[in-house]
Trainee: 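Quick one: the structure is below, questions incoming.
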Number of protein chains: 2
Amino acid sequence: MSSPRPIDDRLITTFGRLVEAYSQLERRLGGALQAETGLPHVWFEVLLRLARSSQGQLTMSTLADEAALTTSGVSRLVDRLLAAGYVERRPCPTDRRITYAAITDAGREVLDRAAVVHARNLRRTFADFDPDDLNTLDALLDRLRRTATA
Amino acid sequence: MSSPRPIDDRLITTFGRLVEAYSQLERRLGGALQAETGLPHVWFEVLLRLARSSQGQLTMSTLADEAALTTSGVSRLVDRLLAAGYVERRPCPTDRRITYAAITDAGREVLDRAAVVHARNLRRTFADFDPDDLNTLDALLDRLRRTATA
DNA sequence: CAGATATGCTTGCAGAATCAGATATTGACA
DNA sequence: TGTCAATATCTGATTCTGCAAGCATATCTG
């Protein structure tokens, strides 16, 4: 016969868990990545999206969406990646408003090196998750991602 | 017969999904919360932990752990919450190094109001998740949180 | 009990993200 | 065509966060 306080709402707790799980993992894995490869986690995520895209390039806006940053944030982030030699800016031949961020060979190199390290750390973190668990998690996260984007 | 590039590692993709799902939700729901109640999402999370704790108070360190911030970050955050009148600092009678952050009545009020709004937004976001889905998600996130903390 | 070490919190400084606003280009439509 | 709205990006000011260092208090050890 407990009084249902607003703060005890079930979904608030679930969402809190998501926040906490993400933050802990981000801190631990992101920190390890940077310590072992010198690559900040955000850089890794950005380079990853670029490397996986068809021409190795994305518009600033698309990149902002995928990295969950503002275009402003991406603009400066690309500045730093540019200074490091990991990306370059390319004009769009058909729409002069658009600038592409394109990954360089140097970018692909550090990314590949970092990916190996990151994958190893992830295997340790997810050690007691069997394939079924992972599939379930993937599916749930994907649904969340899509409902949030919509 | 695809060459297995390091960046196509399965866990990297899963983790990428977690990052994206979290970021999208945080942006959308956090933004909505602030727009509709004036309460930044971090403030909400902090007040929530305090309100749920036994005496309505936690040490700065504990709060830092739970909110996934550094003690430094919490120190300043509590400064701001203090200025807003939502928390107060209390000395610990037995250990004078410790400072408690305690939620005030005003803090509980805004928190309750915000919780109602937040819960409504969450119900919309999780509309097509049935109880089984939620339980599964909870369990997986909890395992992740614990492996990360360990 | 004295000295060394550990713990809890706060502050100076610097890095990075956001918001708001400016600029440039494109597309739509009367 | 000329004007107006929409789109894509960048920049200035502000805010928040973390790291490193510092101060005060507590605990351990010989």
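So that the names make sense, note that chain A is the first sequence line, chain B the second, and so on, each numbered from 1.
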Trainee: Quick one: is dA17(C) close enough that its OP1 or OP2 comes under 4.0 Å of any side-chain N or O from R80(A)?
Mentor: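 Yes, within the criterion.
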Trainee: Rounded to the nearest angstrom, tell me the gap between atom CD in E26(A) and atom P in dG18(D).
Mentor: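 So the two atoms are 11 Å apart, to the nearest Å.
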Trainee: Round to the nearest Å and state the distance from L63(A) atom CG to dT9(D) atom C1'.
Mentor: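 Rounded to the whole Å, the gap is 13 Å.
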Trainee: Between H41(A) (NE2) and dA17(C) (C1'), how many Å, whole number?
Mentor: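 It is 17 Å, rounded to the nearest whole Å.
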Trainee: With respect to the side chain of D95(B), which nucleotide from dT26(C), dT25(D), dT9(D) is positioned closest?
Mentor: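 In terms of side-chain proximity for D95(B), the closest of dT26(C), dT25(D), dT9(D) is dT25(D).
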Trainee: Using whole Å, report how far CG of L77(B) lies from C1' of dG18(D).
Mentor: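 Result: 14 Å.
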Trainee: Pairing check on dG30(D): which nucleotide meets the Watson-Crick or G-U wobble criteria with it, both distances under 3.5 Å?
Mentor: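 Check on dG30(D): paired to dC1(C), both distances under 3.5 Å.
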Trainee: Base, sugar-phosphate alone, or nothing: which one does T71(A) contact when heavy atoms must sit under 4.0 Å apart?
Mentor: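 Answer is base: heavy atoms of T71(A) come under 4.0 Å of a base.
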Trainee: Start with the C-alpha distance between T70(B) and R27(A), add both sets of side-chain angles, then the distance that settles side-chain hydrogen bond (donor to acceptor under 3.5 Å, both in side chains), and finish with yes or no.
Mentor: CA-CA 11 Å; T70(B) 60; R27(A) 186 165 293 246; 5.7 Å; no
Trainee: With side chains defined as the heavy atoms from C-beta onward, is the minimum distance between H41(B) and V19(A) less than 4.5 Å?
Mentor: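 Touching, per the 4.5 Å side-chain cut-off.
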Trainee: Answer yes or no: are there more than 12 heavy-atom neighbours, outside D105(B) itself, under 6.0 Å from its atom CG?
Mentor: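 It does not: D105(B) CG has 12 such atoms or fewer within range.
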Trainee: Between F44(A) and V110(A), is there a side-chain heavy-atom distance shorter than 4.5 Å?
Mentor: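 No. Closest side-chain heavy atoms not under 4.5 Å.
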Trainee: Tell me which of S61(A) and R27(A) sits closer to the 5' end of DNA chain D, going by the nucleotide each one is nearest to.
Mentor: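 Counting from the 5' end, the first nearest nucleotide belongs to S61(A).
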Trainee: Please state whether the base of dT7(C) and the side chain of R97(B) form at least one donor-acceptor pair under 3.5 Å?
Mentor: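 Pair found.
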Trainee: Could you give the CG-to-P distance, from L58(A) to dT9(D), as a whole number of Å?
Mentor: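 About 11 Å, once rounded to whole Å.
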Trainee: Could you pick out which residue, R96(A) or M60(B), lies toward the 5' side of DNA chain C when each is mapped onto its nearest nucleotide?
Mentor: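 Between the two, 5'-proximity favours M60(B).
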Trainee: How long is the line joining CD1 of I98(B) and C1' of dT27(D), in whole Å?
Mentor: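 Rounded to the whole Å, the gap is 13 Å.
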Trainee: Do any side-chain nitrogens or oxygens of R76(A) fall under 4.0 Å of OP1 or OP2 in dG15(C)?
Mentor: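 Answer is no, no contact under 4.0 Å.
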Trainee: Please confirm whether the shortest side-chain N or O distance from S72(B) to OP1 or OP2 of dT10(C) is below 4.0 Å.
Mentor: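 No, outside the criterion.
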Trainee: Take the protein atom CG of D79(A) and the nucleotide atom C1' of dT11(D), then report the distance between them rounded to whole Å.
Mentor: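 In whole Å, dT11(D) C1' and D79(A) CG are 10 Å from each other.
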Trainee: To the nearest Å, give me how far apart CG (L82(B)) and C1' (dC9(C)) are.
Mentor: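 Rounding to the nearest Å, CG of L82(B) and C1' of dC9(C) are 15 Å apart.
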Trainee: Work out which heavy atom in D9(A) is nearest to a heavy atom in A119(B); give both atom names and the distance.
Mentor: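 Closest approach of D9(A) to A119(B): OD2-CB, 3.5 Å.
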